[in-house]
Enquirer: 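Encoded as structure tokens, here's the structure I'll be asking about.
Only a predicted model underlies this, so the values are computations on that prediction, with no experimental measurement involved. Side chains are part of it too, since the values below use all heavy atoms of this structure and drop only hydrogens, waters and symmetry mates. All chains are named by letter (A, B, ...) in the order of the sequence lines, taking the proteins before the strands, and each is independently numbered beginning at 1.
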Number of protein chains: 2
Amino acid sequence: MQGAFDVARGISLDKLSMPNLAEHLDVGVTSIYWYFRKKEDLLNAMTDVAVDNYIRALPDVSGQPWQEALRQHFTEMRLIFQKDQTLSDLIMIRTSTYSKEATRRVFEVVESLLELLIAQGFTPDNAFRCHATASVYARGMIIHDRILRLSNAPTLEDGRQARMIDWSSMPILATLVDEYSLTGTGDSDFQFGLDRLICGFETLLAEQRPGQQTGEHRGQVGPAIRA
Amino acid sequence: MQGAFDVARGISLDKLSMPNLAEHLDVGVTSIYWYFRKKEDLLNAMTDVAVDNYIRALPDVSGQPWQEALRQHFTEMRLIFQKDQTLSDLIMIRTSTYSKEATRRVFEVVESLLELLIAQGFTPDNAFRCHATASVYARGMIIHDRILRLSNAPTLEDGRQARMIDWSSMPILATLVDEYSLTGTGDSDFQFGLDRLICGFETLLAEQRPGQQTGEHRGQVGPAIRA
DNA sequence: ACCTGAACACCGTTCAAGT
DNA sequence: ACCTGAACACCGTTCAAGT
């Protein structure tokens with residue numbers, strides 16, 4: 001297992017091969033097949049370890065205002081995956097092969113976030129959907145960023161490709177291309193999107209409360225569970 | 001090219017191989033190498049065709065309120081990729097290998113959306129960031145959905161896996177699992193997230209205008225370009 | 001200009017055989 | 001219980017040779 005992570009981190013997950021790994025471990029290729037009947041089994045085991053590492057690295061956001069909790073959770077999530085591409089590949093791309101245990105542990109994190117949202121006024125329905133939305137957004141940013149980086153082709157990022165395109169028919173982008181990298185996957189891009197989502201959630205929370213027509217505010221909002 | 005799409009649609013893009021394709025075309029494997037020096041070249045050519053198909057399938061959203069324009073654009077985008085997995089794989093995963101021409105055409109679509117947003121009051125900066133955010137969200141939903149589907153392992157979707165998990169420590173999710181599929185990638189999930197984003201954009205647009213402190217509204221808001 | 005089979009390096013996997 | 005090499009099917013790619 002450790003050797004597999006060594007090789008994956010050294011090259012990349014999709015270049016990790018059985019001969020590769022065998023050489024690194026200084027054993028015959030077929031020896032690995034005694035521990036893992038298929039390569040898929042090895043990857044599944046690696047995914048379990050990755051999920052464990054990921055969850056341990058996550059910050060405790062309980063006891064915070066829900067806006068701050070969401071912001072911290074997803075910002076840190078993005079940071080974890082940015083720091084470790086192998087972790088990102090295992091967890092992001094192999095979601096459908098999670099073990100029962102890994103799935104349960106991931107959902108326990110979700111549960112604690114939902115609990116926090118509901119305690120601060122969200123209905124369970126809305127709490128779930130808001131979390132799912134932010135999660136999809138964060139995953140989208142991480143995966144899109146990953147895809148733009150892989151295959152060291154000249155990306156828009158370094159400006160080489162950007163200058164090769166004829167922007168004459170695109171006046172707006174032509175001015176923006178000088179200031180931005182146009183990939184929209186930078187730190188500030190991520191924060192911007194997260195802010196817009198949280199802002200949208202705030203509006204939803206306000207509309208969801210009873211007596212929304214009046215300007216009256218309740219100091220502390222209890223759980224408004226429906227259904 | 002047509003044969004390559006036939007094979008990819010018949011099996012899947014990552015199972016498309018040169019021997020595969022040669023057999024389908026009833027030619028020797030090496031014959032393909034006269035037209036495409038590497039498999040990568042073939043895939044690049046396929047990506048170009050895919051981008052063309054995608055852009056042609058996109059609806060014209062000009063002349064609409066920006067909220068409706070964004071909603072239609074990204075809803076239709078998701079639909080196109082849901083209908084054609086091969087298109088989705090080529091365009092979503094191979095973004096970094098777009099040809100100059102494909103990149104230009106994609107950005108022309110972006111430009112027209114930015115134009116629409118700016119004409120209705122957004123600064124170029126905010127228009128760009130809002131579009132980028134919605135784009136990342138839509139891409140995230142499409143890719144995440146794709147990942148959950150591939151490898152026909154038992155997913156949470158069909159409820160089999162869901163019932164195998166011990167939800168006893170997760171009271172909130174335990175009640176939600178009965179109503180939802182917990183994947184958060186359904187049509188209503190997507191619309192929910194899109195609504196929250198657009199809602200967040202509306203708040204940004206309102207704050208961005210001069211005289212935000214007063215409740216005064218201007219009937220028609222001209223372009224407020226900064227910098 | 002277009003197509004071919006033989007050949008090579010690489011991969012995942014099986015199997016019979018070792019200790 | 002643990003490890004091995006030989007062997008097989010599959011892949012991408014090259015090359016010398018055909019028409």
Enquirer: dC2(D) P sits how many Å from I32(A) CD1, rounded?
Expert: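 These atoms are roughly 15 Å apart.
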Enquirer: Checking D195(B) now: which residues fulfil side chain to side chain donor-acceptor pair (under 3.5 Å) with it, not counting sequence neighbours?
Expert: R71(B)
Enquirer: Quick one, Y137(B) with F190(B), criterion ring-ring contact (aromatic ring centres under 6.0 Å, His included). Give me CA distance, side-chain angles, the key distance, then yes/no.
Expert: CA-CA 9 Å; Y137(B) 172 69; F190(B) 181 67; 5.6 Å; yes
Enquirer: Output the rounded distance in Å from CG (D26(A)) to C1' (dC3(D)).
Expert: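 One finds 13 Å between C1' of dC3(D) and CG of D26(A), rounded.
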Enquirer: Would you name the heavy atoms of L197(B) and R196(A) that are closest together and state the gap between them?
Expert: CD2-CB, 4.3 Å
Enquirer: What string of B, S and - do you get for nucleotides 14-19 of chain C, 5' to 3', when a contact is any protein heavy atom under 4.0 Å?
Expert: BB----
Enquirer: Figure out the NZ/P separation between K39(A) and dC10(C), and round it to whole Å.
Expert: 15 Å
Enquirer: Cation-pi between R146(A) and F81(A): NZ/CZ under 6.0 Å from ring centre and within 45° of the ring axis?
Expert: no
Enquirer: Given a 3.5 Å cut-off on both pairing distances, which stems involving DNA chain D, each at least three consecutive Watson-Crick or G-U pairs, are present, if any?
Expert: C:4-8 with D:12-16, C:12-16 with D:4-8
Enquirer: Salt bridge (charged side-chain N to carboxylate O under 4.0 Å, His left out): which pairs involve residues 42-64 of chain B, sequence neighbours left out?
Expert: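 Matches after skipping sequence neighbours: D52(B)-R56(B), D52(B)-R105(B).
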Enquirer: Over how many whole Å does the gap from W34(B) atom CH2 to dG12(D) atom C1' extend?
Expert: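 It works out to 20 Å between those atoms.
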Enquirer: Going by number, which of residues 14-25 of chain A have a non-hydrogen atom under 4.0 Å from DNA chain D?
Expert: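 Those residues whose heavy atoms fall under 4.0 Å from DNA chain D, taken from residues 14-25 of chain A, amount to none.
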Enquirer: Is the count of non-hydrogen atoms from other residues, nucleotides or ligands lying under 6.0 Å from E68(A) atom CD greater than 12?
Expert: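 Yes - once you tally the heavy atoms of other residues, nucleotides and ligands closer than 6.0 Å, there are more than 12.
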Enquirer: When you check the side-chain N and O atoms of D125(B) and Y180(A), is any donor under 3.5 Å from an acceptor?
Expert: yes
Enquirer: Is a donor from one side chain sitting under 3.5 angstrom from an acceptor on the other, for S96(B) and R149(A)?
Expert: no
Enquirer: Among dT13(D), dT4(D), dT4(C), which nucleotide sits nearest the side chain of V27(B)?
Expert: dT4(C)
Enquirer: Who pairs with E108(B) by salt bridge (charged side-chain N to carboxylate O under 4.0 Å, His left out), at least two apart in sequence or on another chain?
Expert: R104(B)
Enquirer: If we ignore angles and hydrogens, is there a donor and acceptor under 3.5 Å between the side chains of R94(B) and T47(B)?
Expert: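 Short answer, yes.
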Enquirer: Once you measure the plane-to-plane angle for F122(A) and W66(A), does it fall in the parallel (<30°), tilted (30-60°) or perpendicular (>60°) bin?
Expert: perpendicular
